[in-house]
There are 2 protein chains.
Amino acid sequence: MPDKRLSLYFQLLNEIGIVSQLSRTLLESRMEHGMLLPHFSVLNHLIRVGDGTTPLKLANAFQVPKTSMTHTLARLVDAGFIEMRENEKDKRSKSIFITRAGRAFRDQSIQSLAPDVQALAKELSMKEVQAMLPALEHLRKILDRQRD
Amino acid sequence: MPDKRLSLYFQLLNEIGIVSQLSRTLLESRMEHGMLLPHFSVLNHLIRVGDGTTPLKLANAFQVPKTSMTHTLARLVDAGFIEMRENEKDKRSKSIFITRAGRAFRDQSIQSLAPDVQALAKELSMKEVQAMLPALEHLRKILDRQRD
DNA sequence: CTCATATAGTTCGATATCGCACTATATAGT
DNA sequence: ACTATATAGTGCGATATCGAACTATATGAG
């Protein structure tokens with residue numbers, strides 16, 4: 001593969017990395033209680049996709065090592081934003097539930113971020129976003145498949 | 001702003017975060033010497049954009065805090081992949097140069113990753129990549145501007 | 001049923017990350 | 001020139017991240 005082609009793909013992933021970094025910093029600067037992006041992401045996921053899921057499924061959803069997810073969940077339990085219950089059917093496994101406080105925190109984080117998203121929306125239309133999403137999902141699925 | 005609109009933008013950033021995470025893991029699994037994505041990214045940048053730049057400029061290029069860049073650069077110096085020289089004109093500042101070993105390591109990393117990129121290219125054409133890039137750059141610039 | 005293997009999650013240690021506070025140097029205002 | 005402010009980079013401490021090894025439970029092969 002010629003260098004030019006290779007570097008195009010590198011450029012794509014580099015650009016994605018920088019955007020990821022920027023949005024992470026933005027979110028974290030708006031959140032309270034010292035919560036970080038992974039904490040918010042988990043809470044948001046529990047609401048969007050539904051709770052009762054397991055730590056491993058969450059780790060897979062965010063593509064982080066399960067050991068990192070353990071840590072993130074422990075922090076959320078400490079903060080009172082989630083509950084971890086034993087799974088009676090499979091004693092190895094646990095189930096995660098979001099608490100009232102967790103919902104409140106997630107809602108509040110979104111509200112704190114709303115002005116930023118509004119500003120973003122002024123320059124990047126929903127149409128443009130909708131155009132980007134399928135390609136990104138496609139890319140994610142490819143990379144996900146390659147991981148094995 | 002209605003929830004639906006808000007969540008579309010969240011979904012975009014979430015998807016970008018996951019792809020970023022996936023590509024990071026992939027790259028790091030292919031690199032030797034315990035180097036991580038930031039180390040590779042800096043070396044790659046020094047070659048693509050040219051060296052002689054400063055730590056602060058690098059921090060800005062990757063949108064990380066300058067204190068993180070200090071750490072990354074120290075690691076690269078230790079590994080013998082870059083050199084840091086004093087700037088005679090401005091004694092506060094330093095200049096970064098990539099070494100022969102740094103170039104070799106960067107080239108080798110790219111070679112190690114080439115098969116993965118090839119596999120990726122089979123499913124995601126250059127055309128698709130070229131279609132994604134402008135939108136991502138646009139998004140990056142908007143977020144970058146908002147940061148201030 | 002028993003044993004080998006797979007799976008879910010945690011612990012531990014090494015390193016990365018980053019905010020805050022700090023030093024040193026440069027620049028601007030008067 | 002003198003002082004206030006801005007800028008480049010670093011040191012430190014708290015926390016996050018992650019690979020390797022571990023425990024506990026489940027599943028499958030015979």
Side-chain angles (χ1 to χ4, degrees), chain A residues 17-18 20-42 52-79 82-96 147-148, chain B residues 17-18 20-42 52-79 82-96 147-148:
Chain A
I18 292 173
S20 163
Q21 172 71 18
L22 273 164
S23 62
R24 174 177 193 133
T25 306
L26 177 60
L27 175 67
E28 292 182 353
S29 74
R30 294 283 181 269
M31 278 201 302
E32 304 185 358
H33 300 72
M35 291 286 121
L36 301 177
L37 172 65
H39 308 118
F40 170 81
S41 300
V42 166
T53 183
T54 72
L56 189 56
K57 280 182 187 159
L58 287 170
N60 288 335
F62 295 108
Q63 298 296 343
V64 297
K66 58 186 180 170
T67 179
S68 304
M69 188 51 66
T70 295
H71 193 265
T72 300
L73 294 175
R75 191 105 165 53
L76 285 169
V77 169
D78 282 353
I82 63 171
E83 275 177 29
M84 277 183 75
R85 300 185 205 145
E86 275 211 345
N87 179 341
E88 288 307 320
K89 310 263 178 156
D90 184 342
K91 294 289 205 64
R92 295 170 304 180
S93 187
K94 313 229 170 130
S95 302
I96 308 294
R147 200 172 41 104
D148 317 320
Chain B
I18 292 173
S20 162
Q21 172 71 19
L22 275 164
S23 61
R24 176 179 191 131
T25 305
L26 177 60
L27 175 67
E28 292 182 352
S29 75
R30 294 284 182 268
M31 277 201 302
E32 305 185 358
H33 299 70
M35 290 287 121
L36 302 177
L37 171 65
H39 308 117
F40 171 81
S41 300
V42 166
T53 183
T54 72
L56 189 55
K57 280 182 184 159
L58 288 169
N60 287 335
F62 295 107
Q63 298 296 343
V64 297
K66 58 186 180 170
T67 180
S68 303
M69 188 51 66
T70 295
H71 193 264
T72 300
L73 294 176
R75 192 103 165 52
L76 285 169
V77 169
D78 282 353
I82 62 170
E83 275 178 28
M84 276 182 77
R85 300 185 204 144
E86 275 211 344
N87 179 341
E88 287 309 319
K89 310 263 180 158
D90 184 341
K91 294 290 205 61
R92 294 169 304 180
S93 186
K94 312 228 172 131
S95 302
I96 309 294
R147 198 172 41 104
D148 316 322

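This is a predicted model, so every value here is computed, not measured.
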* Could you check how far CZ of B:Phe62 sits from C1' of C:dT17, rounded to whole Å? => 16 Å
* Asked: Given C:dT17, D:dC18, C:dA8, which nucleotide is nearest the side-chain atoms of B:Thr72?
  -> C:dT17
* To the nearest Å, give me how far apart CZ (A:Arg92) and P (D:dC22) are. => 20 Å
* Asked: Quick check: does any side chain N or O of B:His39 sit under 3.5 Å from a backbone N or O of B:Leu36, one acting as donor and the other as acceptor?
  -> yes
* **Rounded distance in Å - CD (B:Glu28) to P (D:dA20)** => 13 Å
* Asked: When all nucleic acid strands are considered with a 4.0 Å heavy-atom cut-off, which category describes A:Lys66: base, sugar-phosphate, or nothing?
  -> base
* To do: Calculate the interatomic distance between B:Glu86 atom CD and D:dG9 atom C1'; express it in whole Å.
  => 11 Å
* Asked: Between atom CE in A:Met84 and atom C1' in C:dG9, what is the gap in whole Å?
  -> 8 Å
* To do: Please figure out whether A:Lys89 or A:His39 has its closest DNA chain D nucleotide nearer the 5' end.
  => A:His39
* To do: Can you measure from OG (B:Ser20) to CD (A:Gln63) and round to the nearest 0.5 angstrom?
  => 11.5 Å
* **Protein-nucleotide distance (A:Leu73, atom CG; C:dT11, atom C1'), rounded to Å** => 15 Å
* **B:Thr54 OG1 to B:Met69 CE distance, which is reported to the nearest 0.5 Å** => 10.0 Å
* Asked: Nearest to the side chain of A:Ser93, which nucleotide is it out of C:dA8, D:dC18, C:dT11?
  -> C:dA8
* In whole angstroms, how far is the P atom of D:dA6 from the CG atom of B:Leu56? -> 16 Å
* Asked: With respect to the side chain of B:Lys91, which nucleotide from C:dC18, D:dC18, C:dT25 is positioned closest?
  -> C:dT25
* **Any-strand Watson-Crick or G-U partner of C:dT10, both distances under 3.5 Å** => D:dA21
* Can you tell me how far CE of A:Met84 sits from OG of A:Ser93, rounded to the nearest 0.5 angstrom? -> 8.5 Å
* Asked: Please give, in whole Å, the distance from D:dT15 P to A:Leu37 CG?
  -> 19 Å
* Considering heavy-atom distances to DNA chain C, does A:Lys57 or B:Val64 have its closest nucleotide positioned more toward the 5' end? -> A:Lys57
* Counting only side-chain N and O atoms of B:Gln63, is one of them less than 4.0 Å from OP1 or OP2 of C:dT17? -> no
* Side chain of B:Leu36 (C-beta onward), nearest among D:dG9, D:dA16, C:dA16 -> C:dA16
* **Residue among B:Thr53, B:Leu76, B:Leu37 satisfying side chain to side chain contact (heavy atoms under 4.5 Å, CB included) with B:Val42** => B:Leu76
* Please figure out whether B:Arg75 or A:Lys94 has its closest DNA chain C nucleotide nearer the 5' end. => A:Lys94
* Asked: Can you find a donor-acceptor N/O pair under 3.5 angstrom joining the side chain of A:Thr67 to the base of C:dT11?
  -> yes
* Structure fact -> Picking from D:dT17, C:dA26, C:dA16, the nucleotide nearest the side-chain atoms of B:His71 would be C:dA16
* Asked: Can you find a side chain N or O atom of A:Ser68 that sits less than 4.0 Å from OP1 or OP2 on D:dC18?
  -> yes
* Mind checking whether A:Ile96 and A:Pro55 have side chains closer than 4.5 Å, heavy atoms only? -> yes
* **Selection from C:dC18, C:dA16, D:dT17 that lies nearest to any side-chain heavy atom of B:Arg24** => C:dA16
